[in-house]
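Please read all numbers here as calculations on a predicted model, not as lab measurements.
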Amino acid sequence: MHTHVTGLKASVRGLQLGSQLGQCTLNNGAELNSGCIWKEHYGELNMPPAAATNLAHKPPDGGWGWAVVVAAFISIGFSYAFPKSLTIYFKEIQEYFSVSYSEIAWLSSVMLASMYAGGPVSSILVNRYGSRPVVMLGGLMVSAAMVLSSFGTTIIHLYLCVGVIGGFGLAFNLQPALTIIGTYFQAKRPLANGLAMTGSPVFLSILAPLNQFLFDSYG
C-alpha cells in the first residue's frame, strides 16, 4: 500500500512539473525567463548558437565563373577522352615495337589507373596550393610525358611515360576542374557542373577523328 501511495505522489509531482514547464516562455527569443521552472530544477539552459548562413566568400554565380566553366569543360573533356583516343595509334605502336595487342592495350589501362589513383594526391595539393598551380603542373606533366614517349624504345618506356606520368598529369587536371566550380557558383552550381561535364562526350567525339586526321597527314 505504501508503495502505491509513493508512486501516485510521484506521478502527481511529474504532472505538476510538466504543467509548469509548459508555462515557460521565451524572453526575446533567446533564453527562458528567470521564473521558469527549468532554471529552478535544472539550472541555466545553455543553447548553442544557430549555424551561420552567411559564407565568408559568396560565389558570384556568373561573371568570371563562366570562363572557369569553359576551362573546366576543356580540362574534364581532355582528361576523360585522351586515354581513349590513343587507340588510334595502337596498330602503329604494335608494329613498331613488335608486341601483342594485349600489351598495347595495357597503355590506356595504366594511364586510366594512374589518373584515378592520383585523385587523392591531387586533392591534397589543391587544398595546400590551390587549383591553378595544380592544373598548370598537370599540363606540364602531360606535355613532358608525350615528349619523353617519343624517344621510347620499348613498350615499358611508354607505360612509364604515357601511362604513369601522363596519367598523374591528367589527374592533376581533372580533380581541380571538378571542384573549382563550387568556388564560383552556388545557386547555379547544377547548371555549371552539367555544362562542364559535357566536355567528356564532346571531346570523345572530337579527339578520335582529330587524331586520325593528324596521323594520316603527318604520320
Any side-chain heavy atom of [X] sitting closer than 4.5 Å to one from [Y]?
X: Ile180; Y: Val68; result: yes
X: Met111; Y: Phe82; result: yes
X: Leu195; Y: Phe73; result: no
X: Asn211; Y: Tyr89; result: yes

Working to the nearest 0.5 Å, report the span between [atom1] of [X] and [atom2] of [Y].
X: Tyr116; Y: Leu112; atom1: OH; atom2: CG; result: 6.0 Å
X: Leu137; Y: Phe168; atom1: CG; atom2: CZ; result: 11.5 Å
X: Phe213; Y: Asp216; atom1: CZ; atom2: CG; result: 8.5 Å
X: Phe203; Y: Tyr80; atom1: CZ; atom2: OH; result: 14.0 Å
X: Leu214; Y: Ile88; atom1: CG; atom2: CD1; result: 10.5 Å
X: Thr153; Y: Leu158; atom1: OG1; atom2: CG; result: 9.0 Å

Locate the shortest heavy-atom distance separating [X] from [Y]; write the atom from each residue and the value.
X: Met197; Y: Leu178; value: SD-CD2, 3.7 Å
X: Trp66; Y: Leu191; value: CH2-CD2, 4.0 Å
X: Gln94; Y: Tyr101; value: NE2-N, 3.5 Å
X: Ile76; Y: Ala177; value: CG1-CB, 3.8 Å
X: Arg189; Y: Phe185; value: NE-O, 3.0 Å
X: Phe78; Y: Pro83; value: O-CD, 4.4 Å

> For Leu125 and Phe172, what are the C-alpha separation, side-chain angles and deciding distance, and is it a side-chain contact (heavy atoms from CB on, under 4.5 Å)?
Replying inline: CA-CA 9 Å; Leu125 293 176; Phe172 293 166; 3.9 Å; yes
Are the side chain of [X] and the backbone N or O of [Y] linked by a donor-acceptor pair below 3.5 Å?
X: Ser75; Y: Ala71; value: no
X: Glu103; Y: Ser100; value: yes
X: Thr87; Y: Lys84; value: yes
X: His157; Y: Ser150; value: no

> Got a sec, which residues hit ring-ring contact (aromatic ring centres under 6.0 Å, His included) with Trp106, two or more places apart in sequence or on another chain?
Replying inline: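 For Trp106, no residue satisfies ring-ring contact (aromatic ring centres under 6.0 Å, His included) once neighbours in sequence are set aside.
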With a 4.5 Å cut-off on side-chain heavy-atom distances among I, L, V, M, F, W and Y, is there a chain of contacts connecting [X] to [Y]?
X: Leu107; Y: Ile156; answer: yes
X: Val202; Y: Leu204; answer: no
X: Ile124; Y: Leu170; answer: no
X: Val121; Y: Tyr129; answer: yes
X: Ile155; Y: Val110; answer: yes

>> Taking CZ in Phe90 as the centre, count heavy atoms belonging to other residues, nucleotides or ligands within less than 6.0 Å. Is the count above 12?
In response: yes
> Distance only, no hydrogens: is a donor on one side chain within 3.5 Å (strictly under) of an acceptor on the other, for Asn173 and Ser79?
Replying inline: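 Looking only at side-chain atoms, Ser79 and Asn173 do not form any donor-acceptor pair under 3.5 Å.
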> Can you list the steps and then say if Val162 with Met146 is a side-chain contact (heavy atoms from CB on, under 4.5 Å)?
Replying inline: CA-CA 6 Å; Val162 179; Met146 296 301 105; 3.9 Å; yes
